[in-house]
There are 2 protein chains.
Amino acid sequence: MKLSTKGKYGLIAMADLAIAYINNPNDSYLVLKTIANKRNISEAYLERIIAKLKKADLVRTQRGSLGGYSLAKHPSEIKVSEVLYELEGKLDVGGCSEVNDKSCKVKENCFSQIVCEEINVKIRDVIENMTIEDVLKSYLNKMKEQ
Amino acid sequence: MKLSTKGKYGLIAMADLAIAYINNPNDSYLVLKTIANKRNISEAYLERIIAKLKKADLVRTQRGSLGGYSLAKHPSEIKVSEVLYELEGKLDVGGCSEVNDKSCKVKENCFSQIVCEEINVKIRDVIENMTIEDVLKSYLNKMKEQ
DNA sequence: CTCCTTTCCAACTAAATAAGTTGGTATTCC
DNA sequence: GGAATACCAACTTATTTAGTTGGAAAGGAG
């Protein structure tokens, strides 16, 4: 039931890239090693995570020395759901929401589906209406309060 | 990120017990094998699941022949959260909501926590305000519509 | 009291998933 | 040409999930 480290590290990396992007939208490339070291994440592992985000056009890259990773668009244009769906799959709580789930052996009256569907709606509601920019802002507000 | 079969089977068993309970609150013991067969669930596995629910005082038992399992109280008095917390643990989406999470290696500014906490609130909101009776009723309404 | 049916319980195993590593290739700047 | 970087696939390890096995204890029926 937990968010895996893929989703977690992905969000963290996106937030770090977002800070760089806001500071200087034209030239905001960050080196992977920098993020990985700062966050205590395995470099090779983070690379594989961020590669998926590139394939989803959320991140762009510059190769060679002086290269690095940057957001592909403004943090306000990137939904949290886009990041998480790419890294975690569907991110719902119950697998049998599909009509033809062959793997589910429960024959009829699957009561757990009632519960799962209600939770799934709420999860979607949160992550599809929250951008990377929102995450940054929430974080700053949280810091102010303390 | 999925609800495990523990939670799923647990909810299903509770709903089956609830139906028996409503039909006859005084003598509503169901044999485990009956539920397991009806639902295509391994008997031994379901037994271990329901044992946890007993320990949490959600289910009571009668041993020996003519024995079986029954709800310990009315379905309207059993929250879905009680069932799921017992079987799935905390059922939140992010592990680092605790202050002293030693396992988390991310040093600071854990942006994923912002997202997770918002989702966690919503999940709790759903399952702590939904009883086993509600699940049954929702199911019946759903059937009517079709 | 004996047999049958049931719950109860602990230890074991198998399968799947998550998490991370290794060893390299391709680009680009200096 | 060398250093620094992104890119990529195959492999390994650790953890969790999903069960299974083999019984012991309790209670009712004959």
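In what follows, chains are A, B, ... by sequence order, proteins preceding strands, each numbered from 1.
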In this structure, how many angstroms lie between the [atom2] atom of [N] and the [atom1] atom of [X], rounded?
{"X": "A:Tyr9", "N": "C:dT21", "atom1": "OH", "atom2": "C1'", "result": "14 Å"}
{"X": "B:Lys52", "N": "C:dA10", "atom1": "NZ", "atom2": "P", "result": "13 Å"}
{"X": "B:Leu46", "N": "C:dT6", "atom1": "CG", "atom2": "C1'", "result": "14 Å"}
{"X": "B:Ile12", "N": "D:dA18", "atom1": "CD1", "atom2": "P", "result": "13 Å"}
{"X": "B:Leu32", "N": "C:dC9", "atom1": "CG", "atom2": "C1'", "result": "14 Å"}
{"X": "A:Ile50", "N": "C:dA19", "atom1": "CD1", "atom2": "P", "result": "17 Å"}
{"X": "A:Lys2", "N": "D:dT15", "atom1": "NZ", "atom2": "P", "result": "17 Å"}
{"X": "A:Ile49", "N": "C:dA19", "atom1": "CD1", "atom2": "C1'", "result": "9 Å"}

Common cluster, A:Ile22/A:Leu140, ILVMFWY with side-chain heavy-atom separation under 4.5 Å: no
message: Under 4.5 Å between side-chain heavy atoms, counting indirect links through other Ile/Leu/Val/Met/Phe/Trp/Tyr residues: same cluster for A:Tyr139 and A:Tyr21 or not?
response: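 A:Tyr139 clusters together with A:Tyr21.
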Nearest to the side chain of [X], which nucleotide is it out of [options]?
{"X": "A:Val31", "options": "C:dC8, D:dA6, C:dG20", "value": "D:dA6"}
{"X": "A:Tyr69", "options": "C:dG20, D:dC7, D:dT5", "value": "D:dC7"}
{"X": "A:Tyr45", "options": "C:dT7, C:dT21, D:dA18", "value": "C:dT21"}

Does the side chain of [X] get closer than 4.0 angstrom to OP1 or OP2 of [N] through an N or O atom?
{"X": "A:Thr5", "N": "C:dA18", "result": "no"}
{"X": "B:Lys54", "N": "C:dC8", "result": "yes"}
{"X": "A:Ser4", "N": "C:dA19", "result": "yes"}
{"X": "A:Ser42", "N": "C:dT21", "result": "yes"}

Pairs: protein N or O with nucleotides 28-30 of chain C N or O, under 3.5 Å:
{"from": "C:dT28", "atom 1": "O2", "to": "A:Ser65", "atom 2": "N", "distance (Å)": "3.3"}
{"from": "C:dC29", "atom 1": "O4'", "to": "A:Ser65", "atom 2": "OG", "distance (Å)": "3.3"}

query: So do the side chains of B:Tyr45 and B:Lys6 get within less than 4.5 Å of each other, counting heavy atoms only?
result: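 Yes. Closest side-chain heavy atoms under 4.5 Å.
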message: Whether the B:Asn141 and B:Ser138 side chains hold a donor-acceptor pair (N or O, under 3.5 Å, no angle test) is what I'd like checked.
response: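 Per modelled atom types, B:Asn141 and B:Ser138 side chains form no pair under 3.5 Å.
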message: Can a side-chain donor-acceptor contact be found between B:Ser28 and B:Ser70 if the only test is distance below 3.5 angstrom?
response: yes
message: Determine whether a donor-acceptor pair (one donor, one acceptor, N or O, separation below 3.5 Å) exists between the side chain of A:Arg48 and the base of C:dT21.
response: yes
Extract all donor-acceptor atom pairs below 3.5 Å that involve side chains of residues 50-58 of chain B and protein atoms in other chains or at least two apart in sequence.
{"from": "B:Lys54", "atom 1": "NZ", "to": "B:Thr61", "atom 2": "OG1", "distance (Å)": "3.1"}

Need one value for [X]: base, sugar-phosphate or nothing, where a base atom within 4.0 Å counts as base even if backbone is also close, heavy atoms only.
{"X": "A:Leu30", "result": "sugar-phosphate"}
{"X": "B:Lys33", "result": "nothing"}
{"X": "A:Ala44", "result": "base"}

query: Within a radius of less than 6.0 Å around NZ of B:Lys142, do more than 12 heavy atoms belonging to other residues, nucleotides or ligands occur?
result: yes
Under-4.0 Å salt bridge between A:Arg124 and A:Asp92: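 A salt bridge is absent here (no side-chain N lies under 4.0 Å from a carboxylate O).
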